[in-house]
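See below for the structure under consideration.
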Amino acid sequence: MTSLARVLADAGGLPSGWETAFETVDRAVFVPDRVWVWDGTSGYTLADRNATGDHGRDAWNRAAHGADVLVTQWDDGHHTGDEPGDTPTSSASAPAAVARMLDDLDITGGENVLEVGTGTGYTAALLAARGCRVTTIEVDAELADQARKNLARAGYPDVVVIAGDGARGHPAGGPYDRVHVTAAVRATPPAWLEQTRPGGLIVMPWGTYYTGSDWTTVLTVHDSRHASGPFTDPVAFMKIRDQRRRWSGTTFPDDWMDNARQSKPDIEIADITGALYEPVEFVIGLHVPGCIPARVVDPDGVNLWLYGADTGDGESIAVAAFGDGYTPQAVQAGPRDLWTEVQSAYHRWNDAGKPAVDRFGLTVTASGDVRVEQRPWYETPDRELPFRH
Ligand SMILES: C[S@@+](CC[C@H](N)C(=O)[O-])C[C@H]1O[C@@H](n2cnc3c(N)ncnc32)[C@H](O)[C@@H]1O
């Protein structure tokens, strides 16, 4: 048993049926010579296989044989040097997260699988070790090339590695029984529905503009235009390249508040604030499409700014101010009442008894080559939430 397989097994983390694959595939074969490891508190540090000292070979060995996520690329490969870059753009995912998502794929062996986001090739190797026919797509040509070499070296030369945009899928290899996405999306690409056979599954991290957190959703494909399924677990994945948050702040006229609509919040800021994987903010995001929050804390209290983005509704803005010694105030302007939407979303969730995220799900309907309508639901697909994504 590899040390990693032992760590995962001891943690009770190996899903049934995947034991042999995790034991057979040595993750270290897929880990590049330079990786950045989260130090547990303040940032990432380099572990360099070819260096000596604290961040040299021993650190690399611990990282490569351990169970942590390892950043393998910053800033789309434009970053150089030993310090971390600005944005991690590829990683060797945490094996426990890989295992959880593979479990969601419901593999019995022999399925035809499309993986989106090859990265190092490790997940593709696990799928191949499980007897699947695997096509995997990586947007970064250099990473794709390296993954191809890693897979051959590990004994999986039959995995087809494509350099390209995974949002387009790879029709030549379809129809697929499973589409396994190891980068997160906000909008499901229609190609994945078209290229999956009816009854097949799409397993992907999905999230909204409202939070940095994503949840895995397991969609059952009904036909080439319709798929639906529940959210399962929280996951942390980088967004696929063309769905990163590009919105950098709209310039509103200085006097926007003069004509804004005013109201008094009937909830506290604490009601709508949670840690990364607590449900509250994710659930609000399910109700309030295309809304980016920004929390500004100052000595007087907290201002929650809300910006409308990517909804085609024009520019909307709101701010709700909370603090000691004054009554909370909200002002909102533009076509949407963003504060009212957020507050109503909280009330709906609260009135339902604050259900966990796995009681919600998503229905995806493709209405053309590029457009999808995404409708989150509660309990069953016919109980749609009021706002559509
Ligand atoms: C978290 S890593 C995947 C980890 C990988 N499955 C493994 O086992 O090592 C996400 C990868 O998705 C890739 N990616 C981002 N956008 C993509 C896209 N549109 N198509 C294909 N790959 C994409 C990134 O370059 C990155 O390598």
Side-chain angles (χ1 to χ4, degrees), residues 1-2 4-5 8-9 11-27 29-30 67 92-138 147 150-151 154-162 166 169-170 173-185 188 191-206 214-222 227-235 237 358 361-362:
M1 193 185 247
T2 61
L4 171 61
L8 291 174
L14 272 182
S16 146
W18 285 98
E19 299 86 346
T20 309
F22 273 88
E23 207 171 303
T24 312
V25 181
D26 182 0
R27 184 181 185 232
V29 172
F30 294 84
S93 308
V98 172
R100 266 203 315 274
M101 283 185 77
L102 288 174
D103 196 23
D104 282 335
L105 270 188
D106 198 20
I107 295 288
T108 54
E111 283 85 352
N112 186 23
V113 182
L114 174 69
E115 184 198 30
V116 175
T118 313
T120 63
Y122 175 61
T123 308
L126 290 168
L127 285 160
R130 192 72 204 276
C132 297
R133 187 146 65 89
V134 186
T135 303
T136 178
I137 311 182
E138 169 56 55
N150 294 344
L151 283 157
Y156 303 100
D158 293 341
V159 171
V160 177
V161 182
I162 307 287
H170 184 65
Y176 299 100
D177 301 303
R178 303 287 184 265
V179 174
H180 183 48
V181 188
T182 61
V185 295
T188 314
W192 299 347
L193 276 63
E194 278 160 22
Q195 294 170 29
T196 306
R197 69 161 174 79
L201 300 180
I202 300 172
V203 173
M204 61 183 189
W206 186 91
D214 297 308
W215 246 261
T216 302
T217 179
V218 181
L219 302 178
T220 299
V221 174
H222 305 309
S228 189
F231 295 107
T232 57
D233 297 298
V235 275
F237 274 94
D358 61 8
L362 188 70

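Fair warning: this is a prediction, and the values are worked out from it, not measured in the lab.
- Here the closest non-hydrogen pair linking Gln195 and His170 is OE1-N, 2.7 Å.
- For Ala183, the side-chain contact (heavy atoms from CB on, under 4.5 Å) criterion is met by Ile240, not counting sequence neighbours.
- Between the side chain of Arg27 and the main chain of Ala92, a donor-acceptor pair closer than 3.5 Å is present.
- In terms of heavy-atom proximity, Ala125 sits nearest to Phe30 at CB-CZ, 3.5 Å.
- Between the side chain of Asn150 and the main chain of Thr120, a donor-acceptor pair closer than 3.5 Å is present.
- We find the CG-OG1 distance between Leu219 and Thr196 to be 9.5 Å, quoted to the nearest 0.5 Å.
- In this structure, the side chains of Val221 and Arg197 stay at 4.5 Å or more apart for every pair of heavy atoms.
- Considering every non-hydrogen atom in both Gly169 and Trp192, the closest pair reads N-NE1, 4.2 Å.
- Taking the side chain as every heavy atom from C-beta outward, Ile162 and Thr135 approach each other to under 4.5 Å.
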Would Thr188 and Leu193 count as a side chain to side chain contact (heavy atoms under 4.5 Å, CB included) if you check the C-alpha gap in whole Å, the side-chain angles of each, and the deciding distance to 0.1 Å?
CA-CA 9 Å; Thr188 314; Leu193 276 63; 4.0 Å; yes
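- Rounded to the nearest 0.5 angstrom, Arg100 CZ and Leu105 CG are separated by 13.5 Å.
- The minimum heavy-atom distance between Val181 and Pro205, with the atom names listed, is O-CD, 3.1 Å.
- The backbone N or O of Ile137 sits less than 3.5 Å from a side-chain atom of Thr118, completing a donor-acceptor pair.
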Given side chain to side chain contact (heavy atoms under 4.5 Å, CB included), test Leu14 with Glu23 step by step and report yes or no.
CA-CA 10 Å; Leu14 272 182; Glu23 207 171 303; over 6 Å; no
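- Looking at every heavy atom in both residues, Asp106 comes nearest to Leu201 through CB-CD1, 4.0 Å.
- Closest approach of Ala21 to Leu126, counting heavy atoms only: O-CD2, 3.6 Å.
- Counting only distance, with no hydrogens or angles, the side chain of Glu138 and the backbone of Gly119 share a donor-acceptor pair below 3.5 Å.
- Judged by distance alone, the side chain of Asp177 and the main-chain N or O of Gly200 form no donor-acceptor pair under 3.5 Å.
- Between the side chain of Arg130 and the backbone N or O of Glu111 there is no donor-acceptor pair closer than 3.5 Å.
- Of the inter-residue distances, the one linking Thr136 atom OG1 with Leu127 atom CG reads 8.5 Å to the nearest 0.5 angstrom.
- The backbone N or O of Pro175 lies less than 3.5 Å from a partner atom in the side chain of Asn112, making a donor-acceptor pair.
- Put simply, the side chain of Asp103 does not reach to within 4.5 Å of the side chain of Thr232, judged on heavy atoms.
- For the atom pair CZ of Arg178 and CG of Leu114, the computed distance is 13.0 Å after rounding to the nearest 0.5 Å.
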Run the side chain to side chain contact (heavy atoms under 4.5 Å, CB included) test on Tyr156 and Val25 for me, step by step, so that the C-alpha distance in whole Å, both residues' side-chain angles and the decisive distance to 0.1 Å come before the verdict.
CA-CA 10 Å; Tyr156 303 100; Val25 181; 3.5 Å; yes
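- Between atom OG1 of residue Thr216 and atom CG of residue Asp214 there is a gap of 8.5 Å, rounded to the nearest 0.5 Å.
- A tilted orientation is assigned to the rings of Trp206 and Phe231, their planes being inclined by 30° to 60°.
- Judged purely by atom type and a 3.5 angstrom limit, Asp158 has no side-chain atom pairing as donor or acceptor with the backbone of Arg133.
- In terms of modelled atom types and a separation under 3.5 Å, the side chain of Thr182 and the main chain of Val116 share a donor-acceptor contact.
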